[in-house]
Amino acid sequence: MIRTRFAPSPTGLLHIGGARTALFNYLFARHHGGEYLLRIEDTDRERSTAEATRVILEGLAWLGLSPDQPPVYQSTREARHVEVADQLLAKGLAYHCYCSAEELKDMREQATREGRPPRYDGRWRDRDPSEAPPGIAPTIRLKAPREGETLVDDMVQGIVRVGNAEMDDMIILRANRTPTYLHAVVVDDHDMEITHVIRGDDHLTNTFRQKQIYDALGWQTPHFGHIPLIHGADGAKLSKRHGAVSVLEFRNQGFLPEALCNYLLRLGWGHGDAEIIDRAEAIKLFDIDGVGRAASRMDYAKLTHLNGVYLRAADNDRLSDEVLAHLATRPELVISDETKHRIATLMPGLKERAKSVVELANSAAFLALPSPIALDDKARALLTGEAKAMLRELAPQLAASDFTIAGVDAVLRDFAESTGRKLGQVAQPLRAALTGTTTSPGIDATLAALGRDEALRRIENAAT
RNA sequence: GUCCUGUUCGUCUAGAGGCCUAGGACACCAGCCUUUCACGUUGGUAACACGGGUUCGAAUCCCGUACGGGACGCCA
């Protein structure tokens, strides 16, 4: 059975690149009928925070990418990591290194100064343990092969190889007996029976080193797939200055999780001309061979477009709830059962013209405004003396309507025809009076949603 | 610096030697629709990084150049 995992470190936020990695792991597992797991890589106790872990879990849940099993916390597996490192030591495949951090730093600096690659020179590799200086806690380093080459057959990058002379003996256990990332990952992926490791290609060179650990242990390596990174709109590596780094920030900005997933899916992966791909379709179509090798840029315009597509297709009640949550934060609005009803009634028309939940909430806000409502500049310009006179003439006729969409529409058309006006000449001043703006859903639906009493009140306020 | 790696419209991509006078999507421009704004629809601008090969034929294969990206921690 195929098993994949997403393995973020809780030292920052769940950003968009991580979200896509999770998505690809999820889809790959689902497509092949396998399992998708989560491992929190919290071996760096200094920087790992409970808050970051919470954000990761919440972000994944929001995206619909929660793992099939409870998450594995890497920190709880430390005894096992130490055990494996000691095994390697006992077999002579690893050794104690007594270099201090300063010594290593000097070594690197000198190498860089002399134009050589900064690497550990292996000075403790073959020394006798009796030469160990007293009182110094050693690290454990892997005794890596010095000749030949290490080869990785990557599902995305193809066969990649590097000479073993390019790699130094990596530390697998720190002086304080905690495992390093490279070591812990190998042990955990093995123990969790991960068959396919899909991760960002910033890990590609790590893979060679991990391969050396697998080989030393005599373990079979999983299949690797290194997907290209996502860059900001400016082409540079994604960082905090690119704004919405956390996926939860996208939620705050009014993006729908299914839209974000669809967008992320198409970033670095394609399947013919397919663009609108929901979760079920994605599971059906996704496979690792459709993943490209070049880094891609974040494009908010396209994300926004996709969001509009999903917004229009979204359930009205769900959107009404989302809108209410946004409007609740605005003190000038009155949220009553009446306004909730208005929002629910107008939602079909509202969602037709919004591209984000925030935009949707803004366009629905007029429904929760207490009369008299304020008019924006364009609306005020529309309400000329003539327009006001027209509204006064129209009001009694509207009052007599049943205030259904069809009923209101009929009144408006009759009125326009009998007074020799075009529908637009009637609708626009009316819209200004009702909404305080110049845009809204169809004027008939707007009237019907507001209801007779409130509609007439707003018309009267605007016409006098 | 060393190693790994990438390069098709502004952006995301389709393209696995002839189907390519390079397709789709977003964005942009123009028209249509219209009760405003959206939606929709019609059309348009716009790309194979460059140079050499291989081949009857190359966006597709090979080599080089240029420009990017990533990695080189007792971080993950």
Side-chain angles (χ1 to χ4, degrees), chain A residues 7-12 41-44 46-48 74 97 99-101 104-105 108 111-120 137-141 152 157-158 160-163 166-168 170-176 178-182 184-185 200-209 226 228-229 231 233 235-237 263 266-276 292-306 308-309 312 349 352-355 363 378 382 409 412-413 416 422-428 430-432 435 437-444 446:
Chain A
S9 64
T11 52
E41 311 232 307
D42 53 354
T43 49
D44 185 347
E46 312 275 288
R47 296 197 295 157
S48 297
Q74 193 160 58
C97 169
C99 287
S100 67
L104 293 170
K105 191 169 162 239
R108 271 194 298 272
T112 305
R113 220 178 303 125
E114 292 170 10
R116 290 181 291 113
R119 283 198 276 264
Y120 172 64
T139 59
I140 296 180
R141 286 185 186 269
V152 171
Q157 309 290 337
V160 187
R161 58 184 81 207
V162 70
E166 302 296 333
M167 293 181 278
D168 60 8
M170 77 196 100
I171 292 175
I172 57 177
L173 212 63
R174 301 182 184 111
N176 66 5
T178 61
T180 57
Y181 164 78
L182 257 8
V185 165
D201 72 8
D202 49 340
H203 287 286
L204 185 60
T205 48
N206 286 332
T207 308
F208 299 111
R209 324 201 66 157
H226 287 92
L229 301 178
H231 290 162
K237 193 181 179 183
Y263 176 72
R266 284 288 291 100
L267 216 47
W269 176 86
H271 188 271
D273 290 342
E275 294 286 350
I276 307 298
R293 278 138 296 154
S296 46
R297 297 184 188 207
M298 187 62 204
D299 181 1
Y300 281 86
K302 188 156 185 175
L303 205 211
T304 300
H305 169 261
L306 236 19
V309 171
R312 272 174 255 137
E352 237 9 79
R353 33 215 111 214
K355 289 209 168 76
S363 64
K378 286 181 187 167
L382 236 29
D409 181 64
L412 258 23
R413 287 183 190 280
K422 302 183 80 166
L423 214 40
Q425 293 175 289
V426 178
Q428 273 312 79
L430 193 49
R431 191 175 335 261
T435 72
T437 70
T438 53
T439 66
S440 81
I443 199 66
D444 47 4
T446 303

* Asked: Of all residues at least two apart in sequence or in a different chain, which pass the side-chain contact (heavy atoms from CB on, under 4.5 Å) check with A:K378?
  ->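 A:K378 satisfies side-chain contact (heavy atoms from CB on, under 4.5 Å) with A:D376, A:T438 only.
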* **Contacts of A:T112 that satisfy side-chain contact (heavy atoms from CB on, under 4.5 Å) - sequence neighbours left out** => A:P118
Which part of the nucleic acid does [X] contact within heavy-atom distance under 4.0 Å: base, sugar-phosphate only, or nothing?
X: A:T43; value: sugar-phosphate
X: A:L104; value: base
X: A:C99; value: base
X: A:T112; value: nothing
X: A:R116; value: nothing
X: A:N206; value: base
X: A:T205; value: base

Once you round it to whole Å, what is the distance between [atom2] of [N] and [atom1] of [X]?
X: A:H203; N: B:G69; atom1: NE2; atom2: P; result: 19 Å
X: A:Q157; N: B:C4; atom1: CD; atom2: P; result: 13 Å
X: A:D299; N: B:G24; atom1: CG; atom2: C1'; result: 15 Å
X: A:L229; N: B:C4; atom1: CG; atom2: P; result: 18 Å
X: A:D201; N: B:C3; atom1: CG; atom2: C1'; result: 14 Å
X: A:I276; N: B:C26; atom1: CD1; atom2: C1'; result: 10 Å
X: A:H226; N: B:U5; atom1: NE2; atom2: C1'; result: 12 Å
X: A:N176; N: B:C74; atom1: CG; atom2: P; result: 12 Å

Under 3.5 Å, which N/O atoms of the protein pair with N/O atoms of nucleotides 13-17 of chain B?
unit_1, atom_1, unit_2, atom_2, d
B:U13, OP1, A:G268, N, 2.3

* To do: Could you check which nucleotide pairs with B:C67 in any of the strands shown, counting Watson-Crick or G-U wobble with both distances under 3.5 Å?
  =>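 Result: B:G6.
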* To do: Under the ring pair (Phe, Tyr, Trp, His ring centres under 6.0 Å) rule, collect the residues that match up with A:Y120, sequence neighbours excluded.
  =>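 For A:Y120 there are no ring pair (Phe, Tyr, Trp, His ring centres under 6.0 Å) partners, ignoring immediate neighbours.
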* Asked: Who are the ring pair (Phe, Tyr, Trp, His ring centres under 6.0 Å) partners of A:H305, not counting sequence neighbours?
  -> none
For the side chain of [X], starting at C-beta, report the closest nucleotide among [options].
X: A:L204; options: B:A25, B:A76, B:C4; answer: B:C4
X: A:P118; options: B:C72, B:U5, B:C74; answer: B:C72
X: A:R108; options: B:G73, B:U2, B:G70; answer: B:G73

* Structure fact -> With A:H226 as partner, the option from A:N206, A:T207, A:D201 fulfilling side chain to side chain donor-acceptor pair (under 3.5 Å) is A:T207
Give every pair of a protein N or O atom and an N or O atom of nucleotides 35-41 of chain B that lie under 3.5 Å apart, one pair per line with the distance.
unit_1, atom_1, unit_2, atom_2, d
B:U35, O2, A:R431, NH2, 3.3
B:U35, O2, A:I443, N, 3.2
B:U35, O4, A:D409, OD1, 2.9
B:U35, O4, A:D444, OD2, 3.0
B:U36, O4', A:Q428, OE1, 3.0
B:U36, O2', A:T438, O, 2.9
B:U36, N1, A:R431, NH2, 3.2
B:U36, O2, A:T438, O, 3.3
B:U36, O2, A:S440, N, 3.0
B:U36, O2, A:S440, O, 3.4
B:U36, N3, A:R431, NH1, 3.2
B:U36, N3, A:S440, O, 2.6
B:U36, O4, A:R353, NH1, 3.3
B:U36, O4, A:S440, O, 3.4
B:U36, O4, A:G442, N, 3.3
B:C37, O2, A:R353, NH1, 3.2
B:C37, N3, A:R353, NH1, 2.5
B:A38, O2', A:E352, O, 3.4
B:C39, OP1, A:K355, NZ, 3.4
B:C39, O3', A:R312, NH1, 3.4

* With rounding to the nearest 0.5 Å, note down the distance linking CD in A:E166 to CZ in A:R209. =>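 Separation between the atoms: 11.0 Å.
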By salt bridge (Lys or Arg N to Asp or Glu O under 4.0 Å) - contacts of [X] (at least two apart):
X: A:R108; result: none
X: A:D409; result: A:R413
X: A:D42; result: none

* Can you list the steps and then say if A:T178 with A:T43 is a side chain to side chain contact (heavy atoms under 4.5 Å, CB included)? -> CA-CA 8 Å; A:T178 61; A:T43 49; over 6 Å; no
* Asked: If the P atom of B:U13 is compared with that of B:G18, how far apart are they to the nearest Å?
  ->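 Pairwise P distance, B:U13 against B:G18, rounds to 23 Å.
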